[in-house]
Protein chains: 2
Amino acid sequence: MNAITIREVAALAGVSVATASRVLSGNPATSPTSRARVASAAAELDFRPNAQARALRGARTNALGLLVSDVRNPFFADLAHTVEQAANLHGFVTLLGNANESADQQDRYLDTLISRRVDGIILAPVGAESDSIRALIAREIPTVFVDRTIAGMDAPSVTTDGTAGIRQAVEHLAAGGHTRIGYISGPQASSTGRDRFAAFTRCVTENGLSADPALVYFGDYQAASGSAGVHALLDLSEPPTALLVADSLMAVGAIAGLHDRGVRLGVDLAMVAFDDVEWFALLNPALSVISHSVAEMGRTAVDLLLQVIDGGTPASVVLPSELIVRASSAPTGTPAPPSSPPTPPTPFAAPTASHNSVRTH
Amino acid sequence: MNAITIREVAALAGVSVATASRVLSGNPATSPTSRARVASAAAELDFRPNAQARALRGARTNALGLLVSDVRNPFFADLAHTVEQAANLHGFVTLLGNANESADQQDRYLDTLISRRVDGIILAPVGAESDSIRALIAREIPTVFVDRTIAGMDAPSVTTDGTAGIRQAVEHLAAGGHTRIGYISGPQASSTGRDRFAAFTRCVTENGLSADPALVYFGDYQAASGSAGVHALLDLSEPPTALLVADSLMAVGAIAGLHDRGVRLGVDLAMVAFDDVEWFALLNPALSVISHSVAEMGRTAVDLLLQVIDGGTPASVVLPSELIVRASSAPTGTPAPPSSPPTPPTPFAAPTASHNSVRTH
DNA sequence: CGTTTCCATGGAATCGTTTCCACGACGCAC
DNA sequence: GTGCGTCGTGGAAACGATTCCATGGAAACG
């Protein structure tokens, strides 16, 4: 802990502190002689510059903050990984904050990050606008929203357009003969919760399926609410024959709920979940998912943030999503007989058909 | 980014910088009057003290580093979560580093953490001793090893004693009639890899089971090696009828490998994995595991680190492990007929019997 | 009323680094 | 040989907070 300072390096090298500093920070205005002497002195003393002092004098800390809503959610764990890797590649360290789905804790963490003068913040916000988030903008701290956005905050964002994947999923289930699709939704306080729900209802009506509001259960992106959702939906007098779940953690809960009730996944009930998680393919039967690239999201977020830090004003990025069909939604079940009028000939050219390919994996 | 300094707060409050500092850092030597004036001035300007400057002058940074070998490994994701929560509770932020199973990247991260003068480091080391790790000790930077240790480094550690859980697992499988148990091991370069392997071989001979070296496959704690291990072991002329896998990621790979081969888990082959992961219980059949508490490990690591920071020299902590039996190892299969001499009456009093209870979950 | 004690206060030094500025030496062109 | 530009160098001023030390006033005590 009794750290070595540049002063001692300079003394050992027989040069001034200024020269030592120049050599160590790669300033070209140095003679080969002093370069060599300082380099060897620094190596001998195993000198590590004090990042605090450096950050205090210079403008940069070379640190960025990543604030996610729940690290235990595999989606955000993956995001943390890619962000950290991408940042590291550019010489930045990542301060990881975990809001733990609490707006309070998020605000406290934002304050800490501001105090530490991180060069920028990547934020997957929980809840709506808050004082601390407004403070970010007011202080012109480079900020990029990831996965979720907040209305009225004009910072760049990188999000997934769930529409394409959800449309594919609904059409896929409709093609399998399902007319009553249950939906376990994310919280309407989050942008992804709202957007995915809106896409679902739109696609359901477009495909002439039941838009019974009882078929929608509002969860909170945590496992427990997935389980609760399954029970609520299957307790209906006219239960759904297929299920769309808005995120991976709720899908985990939903699967547990099905186990509890002895309902066989892919046989008694078809299921598709948002978010691709590696091991979803290992379930028996394998789980159909709406996939989107976490890795690309993380890399893009870092890219955008670096641009903002450099004074740019990059445009927001929207990444695609797509359906991956596996056994959990294969049309092997015996869905309710199509008493509803046979679905009209599937409109092949969907309104804004982008990413309409269905990958089978 | 044009940050507000304590100077401006002092000016607005009509006091000196010294007084402002005292008020803001809770020094009691202040009058109620100036306390009020400074507080309101700070609030009005939305002042956030510069943590760099504070750390430069004082001795503390109130930051700690957590360096794990792979954040995508659910075990370490959980660990990151609990460490971050525990640290946050004590007013510390966590700098998360990810070595990505690369000793090089681990060393680079350690250098960064040293440069940033974190108050302490929690390290799940990858590989053996390195220059950067020695530098930690040489600089007397408070360090705690977690999950894995490094021989010859006398820093406190918090690890799991896998022996009890492995003994329970081997006895459980033996009781199910299995005599040839395959083992997919972690790398022998890591302490957990060595310890668990040693425990396994010991228990196997103690129970009079086959100690055929061909039954052991050495993986690297990544998913792919689990799959490779399954293929290698099942390709043997005398394949095992049960499998013990040394960590969760390799277990995931192993399950995928079983899928590939059409081998039914829990029916054609019994399996137990080290590390409890929430969704292992959701698999069909549910996976038997050797469980140990990540949460307790994370909290303990932070506790120990804080003690070291405060000048203490706490003893290392070893946490227990225990078997949780689920369907994947239930004795429903038809293991190879016990051609080997019937297992000797199970020695009920195992040599160092601690945590011998078997929990069914 | 005088002296001592206490306490709030402000000035200034300090942490370790970067960077501005001035200075001396050298080389080249006239 | 003088002048001018270039280049490496060192001294010193910043950066923003904490903290030591001295000071002044008020309170307390004789």
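Residue numbers start from 1 in every chain, and the chains themselves are labelled A, B, ... in the order their sequence lines are given, proteins ahead of strands. These numbers come from a predicted model, not from an experiment.
B:Asn62 has its CG atom 14 Å from the C1' atom of D:dT18, to the nearest Å. As a whole-Å value, the separation of A:Ile6 CD1 from C:dT17 C1' is 6 Å. In this structure, A:Arg7 places its CZ atom 11 Å from C1' of D:dA12, rounding to the nearest Å. Counting to the nearest Å, the P atom of D:dT18 and the CZ atom of B:Arg60 are 15 Å from each other. Per the geometry, CZ belonging to A:Arg116 stands 14 Å off P belonging to D:dA17, to the nearest Å. In this structure, A:Ile4 atom CD1 and C:dC15 atom C1' are separated by 16 Å, rounded to whole Å. Atom P of nucleotide D:dA14 and atom CG of A:Leu56 are separated by 14 Å, given to the nearest angstrom. Spacing between atom CD of A:Gln52 and atom C1' of C:dC15 amounts to 11 Å, rounded to whole angstrom units.
Residues of residues 38-51 of chain B that place a heavy atom closer than 4.0 Å to DNA chain C do not occur. Within residues 14-35 of chain B, the residues approached by DNA chain C to less than 4.0 Å at the level of any non-hydrogen atom are B:Val15, B:Ser16, B:Ala18, B:Thr19, B:Arg22, B:Ala29, B:Thr30, B:Ser31, B:Ser34, in residue-number order.
Using modelled atom types, no side-chain atom of A:Thr61 and backbone atom of A:Ala55 make a donor-acceptor pair closer than 3.5 Å. No donor-acceptor pair under 3.5 Å is formed between the side chain of B:Ser190 and the backbone N or O of B:Gly186. A donor-acceptor contact shorter than 3.5 Å is absent between the side chain of B:Gln222 and the backbone of B:Leu249. One N or O on the side chain of B:Glu8 and one on the backbone of B:Thr5 form a donor-acceptor pair closer than 3.5 Å. For the pair B:Ser191 (side chain) and B:Arg148 (backbone), a donor-acceptor distance under 3.5 Å is absent. Side-chain N or O atoms of A:Ser316 include one that pairs as donor or acceptor with a backbone N or O of A:Ser157 at under 3.5 Å.
Taking the salt bridge (charged side-chain N to carboxylate O under 4.0 Å, His left out) definition, one finds that B:Asp310 meets it with B:Arg60, sequence neighbours left out.
Within the structure, side-chain hydrogen bond (donor to acceptor under 3.5 Å, both in side chains) pairs that include any residue of residues 13-27 of chain A comprise A:Ser16-A:Thr19 (at least two apart or interchain). Residue pairs that meet the salt bridge (Lys or Arg N to Asp or Glu O under 4.0 Å) test with at least one member in residues 38-48 of chain A, sequence neighbours left out, are A:Asp46-A:Arg48, A:Asp46-B:Arg139, A:Arg48-B:Asp111.
Each end of the helix from C:dC1-D:dG30 to C:dC30-D:dG1 gets its own axis, taken as the rotation carrying the C1' atoms of four end pairs onto the next four within a five-pair window, and the two axes meet at 50° to the nearest 10 degrees.
Between the side chains of A:Thr112 and A:Ser115, no donor-acceptor pair of N or O atoms lies under 3.5 Å.
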- Could you walk me through whether A:Tyr221 and A:Ser69 pass the side-chain hydrogen bond (donor to acceptor under 3.5 Å, both in side chains) test, one step at a time? CA-CA 10 Å; A:Tyr221 282 152; A:Ser69 39; over 6 Å; no
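Contact annotation: A:Arg57 side-chain N/O to D:dA14 OP1/OP2 distance is not under 4.0 Å.
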